[in-house]
Protein chains: 2
Amino acid sequence: MNIRDLTYLRALSRHKHFGKAAESCNVSQPTLSVQLKKMEDDLGVTLIERTNRAARLTPIGENVLALADEALGAVDAIRTITAEASDPFSGHFRFGSIPTISPFLVPDVLVALGRTFPKLQLVFRENITERLTEDLLNGDLDAAILATPPETPRLLSIPLYNEPLLVIHPLGHDLAALDGLIPSDLPLDQMILLSEGHCFRDQTVDLCNIQSRTTLAETSVTSLETIISLVEAGQGISIVPALAQGKGWLDRPRIGVQLLRSQGATRQLNLTFRKSSPRRKLIKAVSDEIMALLV
Amino acid sequence: MNIRDLTYLRALSRHKHFGKAAESCNVSQPTLSVQLKKMEDDLGVTLIERTNRAARLTPIGENVLALADEALGAVDAIRTITAEASDPFSGHFRFGSIPTISPFLVPDVLVALGRTFPKLQLVFRENITERLTEDLLNGDLDAAILATPPETPRLLSIPLYNEPLLVIHPLGHDLAALDGLIPSDLPLDQMILLSEGHCFRDQTVDLCNIQSRTTLAETSVTSLETIISLVEAGQGISIVPALAQGKGWLDRPRIGVQLLRSQGATRQLNLTFRKSSPRRKLIKAVSDEIMALLV
DNA sequence: TGATTATGATAGACATAGTCTATGAATATA
DNA sequence: TATATTCATAGACTATGTCTATCATAATCA
């Protein structure tokens with residue numbers, strides 16, 4: 001059987017005439033005749049009652065036609081939705097980012113993308129790098145804003161922004177006297193860290209060369225917001241990404257902020273996606289859009 | 001596009017692997033690859049995200065698959081219902097008969113057909129010859145039991161029964177004295193007739209050579225049952241088909257019944273159907289079944 | 001790192017399906 | 001009886017689908 005055969009049947013039922021039905025299908029009368037005969041032979045049933053004045057569907061022919069209409073409707077819907085979706089900037093776009101980026105960047109990204117790609121339906125998901133990477137690999141995400149380069153060749157990434165790092169400390173802390181901090185200036189026993197799993201924690205640990213027993217186990221929390229509050233309360237010092245400042249998160253009277261000056265004291269934000277993704281064009285456009293927010 | 005292509009897409013989404021999907025479709029891997037690629041090109045959309053480890057549907061691919069499933073379901077249903085219907089003694093059988101036959105024959109016919117063809121769904125319709133003929137011609141009926149030969153070459157008929165005619169009169173009527181009536185014996189001014197449109201009325205009129213003003217206008221009624229009641233009440237005489245007697249309709253103490261002996265004093269019942277009907281086999285079997293009831 | 005394995009794409013030959021024009025058979029119409 | 005109309009059939013041609021063989025790419029493992 002064949003989709004075309006079904007349209008032939010539909011045309012015949014409409015015109016009740018082989019010649020006219022064929023014309024409406026833009027084929028010759030024998031073509032339509034032969035194909036419908038083949039379909040009847042194939043199904044082992046007479047679908048059409050042939051007369052010299054009118055071709056009529058048999059009862060079973062009518063039942064087949066009803067189902068044929070259903071099938072043709074579905075096929076038509078396929079053509080419709082694919083025609084709409086052939087615009088690469090349409091459909092669902094599922095992206096994620098890590099918790100140390102999202103609060104400072106994602107709201108703006110959502111607004112900007114929504115404005116630039118009105119036909120794109122945005123779905124956002126926050127999680128740690130490991131989970132986002134899984135979601136990327138199994139196809140649940142189209143892209144993710146990460147601060148670490150992909151560990152598998154199956155993922156690619158576009159650089160977005162090289163973000164400076166800031167040291168925050170309570171007002172009046174010894175560090176306030178120094179100008180231009182480097183990691184070794186920091187009193188490690190006062191460092192408040194994010195909990196395990198956050199890549200920003202790993203980066204801080206690497207940067208400051210913190211050994212496993214160097215710092216207090218208690219001072220690890222699950223969000224930058226908590227860290228900032230703790231620092232403000234005089235409970236210690238920490239390192240935060242510079243984007244936090246842009247959003248006014250650090251504009252608090254009891255917090256001192258200083259740039260961390262050191263080679264590698266930045267983090268590289270990038271947009272990561274599957275190498276096999278067929279949505280390269282869209283992903284590139286999205287990355288441009290995000291970069292425009294970060295100048 | 002092609003129904004087969006849709007099954008390829010479905011198989012691929014199930015196996016997430018071109019080779020395995022191809023195997024499940026009993027085709028080679030390149031065949032499936034090429035066909036799906038063609039479908040994508042045709043639709044102008046990437047349906048599949050290809051990797052060396054897993055082939056996955058894109059979001060739009062998933063949407064297309066859902067519709068493909070719908071279409072394939074309908075096609076499957078076509079195969080199912082036609083496979084069932086390939087038995088000629090199944091499906092709906094729509095037949096009719098005229099009011100001067102139905103009450104005496106159709107109940108038995110329904111029972112007999114139901115018993116012999118259990119998979120046949122019977123639909124019965126009573127009407128006058130003219131309407132039934134229309135319904136036959138436009139395909140609303142498969143067959144009809146009529147008492148007149150078809151007037152168009154587009155209809156054929158199978159003879160069922162040559163039915164004698166009976167004269168009925170009130171008990172004690174002059175006719176009771178006679179043995180073996182012929183039409184000219186009948187007092188035409190006492191004849192009760194069916195109303196216009198009934199072929200049995202026409203036959204009676206012909207048979208008795210009744211002129212338009214010969215009989216009383218008031219004595220025309222719409223059913224044989226009414227005629228019998230009127231005769232029983234002494235309001236006149238009439239002619240009825242012999243089948244009426246078989247069913248006991250005439251077994252009333254105040255009615256006399258006599259056979260009408262005359263050439264042409266019978267009516268020919270037959271089963272009429274479209275010459276173009278593809279259900280000849282069934283119709284022949286049905287006529288055999290009815291004839292068996294009429295021996 | 002280099003060999004091996006797995007995956008999907010591509011090329012070219014071949015077979016099958018579908019389509020066309022021309023024509024025929026059957027029936028209705030004048 | 002001649003003419004229309006309608007659908008079926010035949011034979012040539014074309015498009016489409018399918019195969020085998022092979023290639024390119026990437027993952028895996030010694």
Side-chain angles (χ1 to χ4, degrees), chain A residues 1-9 11-43 46-58 61 137-139 150-156 274-278, chain B residues 1-9 11-43 46-58 61 137 150-156 274-278:
Chain A
M1 206 192 310
N2 206 316
I3 292 170
R4 216 176 308 132
D5 297 344
L6 299 182
T7 69
Y8 291 165
L9 185 68
L12 186 68
S13 100
R14 286 219 234 283
H15 295 94
K16 307 194 187 310
H17 186 287
F18 280 73
K20 284 173 194 154
E23 190 184 6
S24 82
C25 294
N26 297 310
V27 295
S28 69
Q29 170 264 313
T31 295
L32 189 130
S33 266
V34 167
Q35 287 307 112
L36 285 177
K37 190 69 181 57
K38 275 189 197 167
M39 183 159 75
E40 286 183 316
D41 291 347
D42 175 39
L43 294 175
T46 304
L47 301 172
I48 303 150
E49 188 173 321
R50 295 153 171 85
T51 316
N52 276 6
R53 40 182 59 223
R56 228 194 329 267
L57 295 193
T58 60
L137 287 174
N138 67 28
E151 292 187 343
T152 158
R154 288 152 61 204
L155 294 178
L156 293 181
R274 283 184 302 288
K275 181 162 54 173
S276 59
S277 171
Chain B
M1 206 192 312
N2 205 318
I3 292 170
R4 217 178 308 133
D5 297 345
L6 300 181
T7 70
Y8 291 165
L9 184 68
L12 185 70
S13 99
R14 286 219 234 283
H15 294 92
K16 307 196 185 312
H17 186 288
F18 280 74
K20 285 173 194 155
E23 191 185 5
S24 82
C25 295
N26 299 310
V27 295
S28 69
Q29 169 265 314
T31 297
L32 189 129
S33 266
V34 167
Q35 287 308 111
L36 286 176
K37 189 68 183 58
K38 275 189 196 166
M39 183 159 74
E40 286 183 316
D41 291 348
D42 174 39
L43 295 175
T46 305
L47 301 172
I48 303 151
E49 187 172 322
R50 294 151 171 86
T51 316
N52 276 4
R53 40 181 61 221
R56 230 196 327 269
L57 295 193
T58 60
L137 287 174
E151 290 186 343
T152 156
R154 286 153 62 203
L155 294 179
L156 293 181
R274 283 185 302 287
K275 180 160 56 171
S276 59
S277 172

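Please read these numbers as outputs of a predicted model, since none were measured by experiment. All chains are named by letter (A, B, ...) in the order of the sequence lines, taking the proteins before the strands, and each is independently numbered beginning at 1.
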Just compare D:dT9, D:dT18, D:dC19 and give me whichever is closest to any side-chain atom of B:Gln35. D:dT18
Choosing from C:dA17, D:dT9, D:dT18, which nucleotide comes nearest the side chain of A:Val34? D:dT9
Search all heavy atoms of B:Ser13 against all heavy atoms of B:Leu57 and return the closest pair with its distance. CB-CD1, 3.5 Å
Atom pair distance, as rounded to whole Å: CE in A:Met1 and P in D:dG17: 17 Å
State the syn/anti category of D:dA4 according to its glycosidic angle, syn meaning within 90° of 0. syn
All heavy atoms of B:Thr58 vs all of A:Pro278, minimum pair found to be CG2-CG, 3.6 Å
Start with the C-alpha gap between B:Lys275 and B:Leu155, add the side-chain angles, then the distance that decides, and say whether side chain to side chain contact (heavy atoms under 4.5 Å, CB included) holds. CA-CA 5 Å; B:Lys275 180 160 56 171; B:Leu155 294 179; over 6 Å; no
Would B:Leu6 and B:Met39 count as a side chain to side chain contact (heavy atoms under 4.5 Å, CB included) here? Give the steps. CA-CA 9 Å; B:Leu6 300 181; B:Met39 183 159 74; 4.2 Å; yes
Considering every strand and a 4.0 Å limit on heavy-atom distances, what is the contact class for B:Thr31: base, sugar-phosphate, or nothing? base
What is the distance, to the nearest angstrom, from the CG atom on B:Asn26 to the C1' atom on D:dT18? 13 Å
Could you state the atom-to-atom distance from CG of B:Leu36 to C1' of C:dG8 in whole Å? 12 Å
Hey, which sits more toward the 5' end of DNA chain C by its nearest nucleotide, B:Pro30 or A:Asn2? B:Pro30
How many whole angstroms separate atom CD of A:Gln29 from atom C1' of D:dT9? 10 Å
Side-chain N,O (A:Lys38) to OP1/OP2 (C:dG18) below 4.0 Å: yes
Return yes if some donor-acceptor pair links the side-chain N/O of A:Glu49 with the main-chain N/O of A:Arg56 below 3.5 Å, else return no. no
Contact nearer the 5' end of DNA chain C, comparing B:His17 with A:Arg4: B:His17
Within a reach of under 6.0 Å around CD of B:Glu23, are more than 12 heavy atoms found that belong to other residues, nucleotides or ligands? no
Just N and O in the side chain of B:Ser33: are any of them under 4.0 Å from OP1 or OP2 of C:dA9? yes
B:Arg50 CZ to C:dT10 C1': how many Å, rounded? 13 Å
Assign C:dA17 to syn or anti; the rule is syn for a glycosidic angle within 90° of 0 and anti otherwise. syn
Identify all pairs in which a protein N or O lies below 3.5 Å from an N or O of nucleotides 26-30 of chain D, and state each distance.
unit_1 : atom_1 : unit_2  : atom_2 : d
D:dA26 : O4'    : B:Asn52 : ND2    : 2.6
D:dA27 : O3'    : B:Arg53 : NH2    : 2.6
D:dT28 : OP1    : B:Arg53 : NH2    : 2.6
D:dT28 : OP2    : B:Arg53 : NH2    : 3.4

I need the CG-C1' distance between A:Leu32 and C:dG18, as an integer number of Å. 12 Å
What is the base-pairing partner of C:dT16, counting Watson-Crick and G-U wobble geometry with both distances under 3.5 Å? D:dA15
Gap between atoms CG and C1', on B:Asp5 and D:dT18 respectively (whole Å): 12 Å
Tell me the interatomic distance from B:Leu137, atom CG, to C:dT27, atom C1', rounded to whole angstroms. 15 Å
Counting distance only, does the side-chain N/O of B:Gln29 pair as donor-acceptor with the main-chain N or O of B:Ala22 below 3.5 Å? no
Paired with D:dA10 by Watson-Crick or G-U wobble geometry, both distances under 3.5 Å: which nucleotide is it? C:dT21
Would you check, one step at a time, whether the test salt bridge (charged side-chain N to carboxylate O under 4.0 Å, His left out) holds for B:Lys38 with B:Asp42? CA-CA 6 Å; B:Lys38 275 189 196 166; B:Asp42 174 39; over 6 Å; no
For C:dT27, which nucleotide is its Watson-Crick or G-U wobble mate, given both distances must be under 3.5 Å? none
